[in-house]
Each structure stands twice: as structure tokens, then as C-alpha cells.
Protein chains: 2
Amino acid sequence: MDKKYTIKDIAKMAGVSKGTVDRVLHNRGKVSPTALEKINEVLNVINYEPNLIARNLKNTKIYRIAVLLPDPETDPYWLPCVNGIRDAVNEFKAYNINIQTHFFNPESTKSFLESNTIILEDQPDAVLLAPLFHKETLEIVKEYNEANIVVNTFNNQIESEITKGFVGQDLHKSGRVAASLMNLILTDGQIAIIHIDESVKNAVHMQEKEKGFRNYFDEKNNNAFSLTTLKLKQHNVETKFAVFLEQNPNLKGIFITTSKAYQIASLLSPLKDRKIALIGYDLVENNVNFLNEGLVHFLIHQNQKRQVYLGISTLVEHFLFRKDIPETILLPIDIINAENASFYIA
Amino acid sequence: MDKKYTIKDIAKMAGVSKGTVDRVLHNRGKVSPTALEKINEVLNVINYEPNLIARNLKNTKIYRIAVLLPDPETDPYWLPCVNGIRDAVNEFKAYNINIQTHFFNPESTKSFLESNTIILEDQPDAVLLAPLFHKETLEIVKEYNEANIVVNTFNNQIESEITKGFVGQDLHKSGRVAASLMNLILTDGQIAIIHIDESVKNAVHMQEKEKGFRNYFDEKNNNAFSLTTLKLKQHNVETKFAVFLEQNPNLKGIFITTSKAYQIASLLSPLKDRKIALIGYDLVENNVNFLNEGLVHFLIHQNQKRQVYLGISTLVEHFLFRKDIPETILLPIDIINAENASFYIA
DNA sequence: AATAAAAATGTGCTCGAACACATAAATATT
DNA sequence: AATATTTATGTGTTCGAGCACATTTTTATT
């Protein structure tokens, strides 16, 4: 029923040589109308699917994929990505796939641009990047397109038709998820939305989460809650947050839009008298520790590891199996507490 | 650095023919100690990894895998598995893999045994099964082993050394996860653990969940809660549960250990005055509807789809790439509420 | 009609592993 | 020493797609 036909089979059935079948399948070279029709007739009857194994055996071309992401040494958020890359390398090492990892400094647009220049010079077949900087990304993606280098992105969604593929999360909805959990823990009181970040680079990221978070409470139309936004930088968290805490004695919950929940948790740790619900992002080690201690109630898992893995594997399948690169792959918004955390840690 | 060596390369380096290298690699045929040493010397220096593409090209053997699971028509819990099988079929259709699906009636051990007999007669290379019935499974696995058919299991863990592989969830921990969520919603009162099932087939399954659930509260040592267990069958849910509700006016939460939370939810739906927290299992349509209505607070996702997919793919990789079948693969315990459910529905 | 040019079609080799088979070298047997 | 037998080693073919090149057929040109 679903017998596998080969080019030779088709040739025999159509009464021509495999060379002619090959020309029809790839519409190269010239074929007489008579032969074309005969072959098409056969192709209409059977369901020919080329043997990808054979194709890739002959194919001596080595596809080179560059992955560009922030240095995990600077921000451990990116650490799981390295494992995702490792997995992809392992999975595809049987094929002619070469994967090269590049790191940039997430606090420097210059570093981002420099890394991209290096990649451009290296002329890979494709690049998967975490486009932290919006304007710069548009520039370099244009260059990649001109150099015929396929671009795929992850983690940060760029609103532009210039990029084709994206793997990541729906940030707005993840904010809503956080809100729904907060709404479950608390019945009333003040909730702070805290952005902790060095630069404006994550601005869009954090804003989307905040919007989603607020949107949930707006819909509920529950005026038992009041929401406040607080923007902090890593170096001033301690001082500024202490002041904020003092000035807001009714504070009951905190939603931290970056992976820095542990910074807040460590400040709340000594204040045993204040019971504040904490919800943050990402299973970085410090966060998980506070999760287990009970100071952080929930973490939302962004699954960076899988983001990178999927980003790479769609590229590989594009080259190897000629599949299209999906426009957007949205990963589930995983809810993590102390009880199920261990299963998500890579 | 990580150049790919072929058998021919090794032969040249060792000064022998590729035939001899082949004999050493597969330790077949006879090889002189001199040749063996020369080849081993080369193999110690380089890192030879056979080209799996080439290997599988020549390999004309078609590996046949049978998948046996309960009929989704009888219990929609199993519906996502069909999609998992579809995904696997698609992914591996390039290779010589043939996957056959078989359904049995989950309420009949006879049906289970009959299906297995059919599969045994069909002589596939491997079988992936949902071993609902413990005793019967041990019997038929023995027969599979004798017939040299590789066995992998999913969903229900069989405590026996007779089976090698299992893909599923840690049920005890999933009970704990449910408890931790319940503990978040409620501060005190009575909690019911309800088992809804036709037969004893799921007994172990449900018990493990209950144990985990109770274990969490035991550890907390919080005597604000009291836990009760209630066993129901699908046809008597309505009558028995109504009685139970009346007799337990202080009931604040219900943990349903099967995918039948919707049955309880539909009975609670008209009782607007009683606010009861509901936590259940599985994203079957009815459950999700009540989740969205707010009657079910959380569902724990057992990800049957991925269970089957992984169960198949480990078998495929076993045949194609000679990888070992992992003894146990435990999938994450996904916490689902109304906000993130859509991302998990296949 | 003969030759040149263009178009159509067929043939043969490659990729790397695997294995059957052929040949060669090393022992054993008379 | 000559032949038989065992053991070791090498050669050649296969899998299916893809593409270069050779060959044949058709059409154009003198």
C-alpha cells in the first residue's frame, strides 16, 4: 500500500531512463513533451518520496550553522542554551551538519555587532540568534539576507517581516499566567511589578510581561488589588528596594519580569514578619534555591534550552529535508513550583 | 579536529583492506593478531564513528513496531496518543520503519490479551504498550521476550525486571504537586481524594497519586486539613457524590486521581454557594472546558502524546542507531490552569 | 542528401557501510 | 616436497539519489 518507489521504479514504469526521471523531478535539462507526460502519469498514480538517506549520503556539502547568544558567564539565564546546542550537535552529528557557537556581551550592542560581523565573514549557511537589540538586529539581518544566509531567531521576537523564523514564548500570555497564580495566592493588597535589568535591551520583553500581568487583573475587574511598577538595576536593587518596602507596608506580592527573582528573595529572606508572594522567571540556580526554601512561590520556565534546540533543528531539517522554517514556534508556558522543578532542570 | 573518518581511511592508515577493518569493527571472521593490532592502533588514535546514513541506506530491513493502547473511543484520555504516533510516523518515514497501531478495550483483560496475541502472530520487531493489567502484562511480556520482540512500555509502570523500558510520569510526585497546589488555594478544611474508575485496573496508578498527595500534607504537619478518600465508579458518581457532599459540609477541596474531574465539576456547577477547589488530571476536552469556566482550578498534564512519541522514538533509535533503550524516562509534571492550557493541547 | 547543431535520452560513477565471495598466505597432512 | 585444508586478507557489489558525461535522436543549415 505505501510501498517505497525509487527513481529506478519510476523509470521502468514510464519506459524511460532514470536520468530522464531525474530531470523531470528537478525540472532541469530538457525533456520531450512525450517523456514528460509519461513520467507525470506515473507520478500521479504513485506517491514518490525520495529516500532522504540516499540523498544525504551523496550530498557531501557540510551545512554550517552559527548560533549567537549572550555569554552565559555574564548572565546565567543563557546557560541551558549551551546544553540545547549540545543536544542538537549530538542528534545531528550523523549528518553533514556543523554547528558553531558564538557568545556576545548582552550589555553591549557593540559586542553584538562585532560577533555578527565575525559570523558574516565566516559565511555559514544559517544563523540562529538571540536578537537582544532591536535596531541592530534589523541591520544585520539585512546583511545576512544579502549574503544568502538563512536567519532564525529565538527568545526575543522581532516585529519585522525581515526575519522569517522565531522560537520562543508568548510573553503577554506568560504575564497573564503569572497574574493568575498571584491571584490564587493573594486575595487583596498591593502587588509590585519589578523589572530588574542593566540596560533597556530587554525593555520590550519586560513590558510585554507587565502588560499581560496587568491585563489579567484588568479583566478580573477586582479592585481589591493595586498594581505598582518598579524599575531597578542590578547594582541598585538593594538600596532602592529597601526604600520601596518601607514606603509600601501593604505590599503582598511581587512579580519579577526577569530571571533576577533571587535578588529580591535574598532581601526578603531576613524579614520573617513580612509574608510576600514572589513570582519570577527562569530556573536559574539561585531562583530554584529560593523556590525550595519557600521564598519564591512560582517560577515561569521559558525553556531556553528547548528554544535553541528547536531553532537549530528547524534549520537542519530545512537543509536536510527541505522543510520550511516555521514562522513562529511558541513554547508552552511552564508553571514551576518546588514540587515539580526538578523535572525541568536540564 | 573532528574530521569524519571512513572505513577506507582506517584501512589506508593501517595498511590493510577495508574488509579487514570491517571484520575488526564487528569482530566477525578471523583476523591475524598483526592486523588486529595495527587497526586497533589507528582506532585508538582517531575517533571513528560510522556514518549512520550509509549504514541505513544499505540496510533494506524494514523494522516493524507495534503500538498497543486502549481505544480512545472508550476513554478519550488516550486520544492524544494517536497524534503522538502520527508524529513519530512522519518523523521516521524516511527510514525503514513501519508502525502499526492496535487498540484494546481498557475495561477488558480479555481484549488486552487478544490484541497481544494478534501482535505476537504478526511478529513485529518491537512493541510499545500501555500495560494496564499487571498480571496479564507479565505473561505476555514473557512471550514477547521468547519471540525476541523488544518490549517498551508507557503510562503504567510495571514493577518487574521483565520489562526493560518505561516512559511515563512519577505518580507519587504528581500527587505531591497536586497537594502543593491545593495547599496554596486553601488554608484549611476538608479535602477529598476521589478515585473514579470502572475497574481495579488503575488501582496502582491512583494509589500512588493518593500516597503522594497525602505525603505532602503529612510532611507539612498541618492539622488544619483533614483528608478523606472516596472511591466511585462512573455510573454511580452522581448519586454517591451527592450524598458525600451533604454529609461533608466542610469540604473545601477535591483531588481527582483520574481524568474524570469533569464529572465532579458538572455536579458542582449548579451549587453556586459551595466554593470547592478542584484539581484533576489530563487535558481532555471536558476538563479543559471546566478549567476555562473556573470550576476546575488545576489540571496535571500527563502528556500521553509525548509518552508515546518518546516510546516509539527510543525504539527506532535502538534499531537504527543501536542506542540503548532507556530504562525509565520520567516526563515533567506539567501544571495547567486556564491561562496556559492552550499551549499543551495537541 | 549530407553535414552541423541542438535537443533529448541514457549510462556510469560517487557517497560509506555491509557483506558475499574470491584470492592469497599460512599451516596441516600425506 | 606436493597437495589439502585452514585461516587470513582483499575485491566487488549493493542500497537510492544526484549529477557529469556519453550517446542517440531530432531539427536546422548548406
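So that the names make sense, note that chain A is the first sequence line, chain B the second, and so on, each numbered from 1. Heavy atoms only: backbone and side chains are in, while hydrogens, waters and symmetry mates are out.
Considering only side-chain N and O atoms, Thr20(A) lies nowhere under 4.0 angstrom from the phosphate OP1 or OP2 of dT9(C). For His26(A) and dC19(D), the shortest distance from a side-chain N or O to OP1 or OP2 is not below 4.0 Å. Considering only side-chain N and O atoms, Ser32(A) lies under 4.0 angstrom from the phosphate OP1 or OP2 of dT9(C).
With contacts defined as side-chain heavy-atom distances shorter than 4.5 Å, the pair Glu91(A)/Asp87(A) does not qualify. Residues Pro70(B) and Phe103(B) have side chains not in contact (no heavy-atom distance under 4.5 Å, counting atoms from C-beta outward). Side-chain contact between Ile312(A) and Val308(A): present, with at least one pair of heavy atoms (C-beta onward) separated by less than 4.5 Å.
If you take CZ of Arg23(A) and P of dA7(C), they are 14 Å apart, rounded to a whole angstrom. Atom CG of Asn96(A) is separated from atom C1' of dG16(C) by 11 Å (rounded to the nearest Å). Between Leu25(B) atom CG and dG16(C) atom P there is a gap of 15 Å when expressed in whole angstrom units. In this entry the distance linking CD1 of Ile39(A) with P of dT9(C) reads 8 Å, nearest Å. The nearest whole Å value for the distance from the NZ atom in Lys18(B) to the C1' atom in dA18(C) is 8 Å. One atom, CG of Asp22(B), and another, C1' of dA8(D), lie 14 Å apart when rounded to the nearest Å. When rounded to the nearest whole Å, the span between NZ of Lys12(A) and P of dT11(C) equals 14 Å. Atom CG of Asp9(A) is separated from atom C1' of dA17(D) by 13 Å (rounded to the nearest Å).
Comparing Thr6(A) and Ala35(B) against DNA chain D, the residue whose closest nucleotide sits nearer the 5' end is Ala35(B).
Taking the six-membered ring for Trp and the full ring otherwise, Tyr5(A) and Tyr48(A) have centroids separated by 6.0 Å or more.
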Run the numbers on Gln307(A) and Leu331(A) for side chain to side chain contact (heavy atoms under 4.5 Å, CB included), then give the verdict.
CA-CA 8 Å; Gln307(A) 285 185 27; Leu331(A) 294 184; 3.5 Å; yes
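For DNA chain D, the residues of residues 44-59 of chain B within the heavy-atom distance limit of 4.0 Å (strictly under) are Leu57(B), Lys58(B), sorted by number.
In this structure, Glu37(A) places its CD atom where only 12 or fewer heavy-atom neighbours from other residues, nucleotides or ligands lie under 6.0 Å away.
Between the side chains of Thr314(A) and Asn152(A), at least one donor N or O sits under 3.5 Å from an acceptor N or O.
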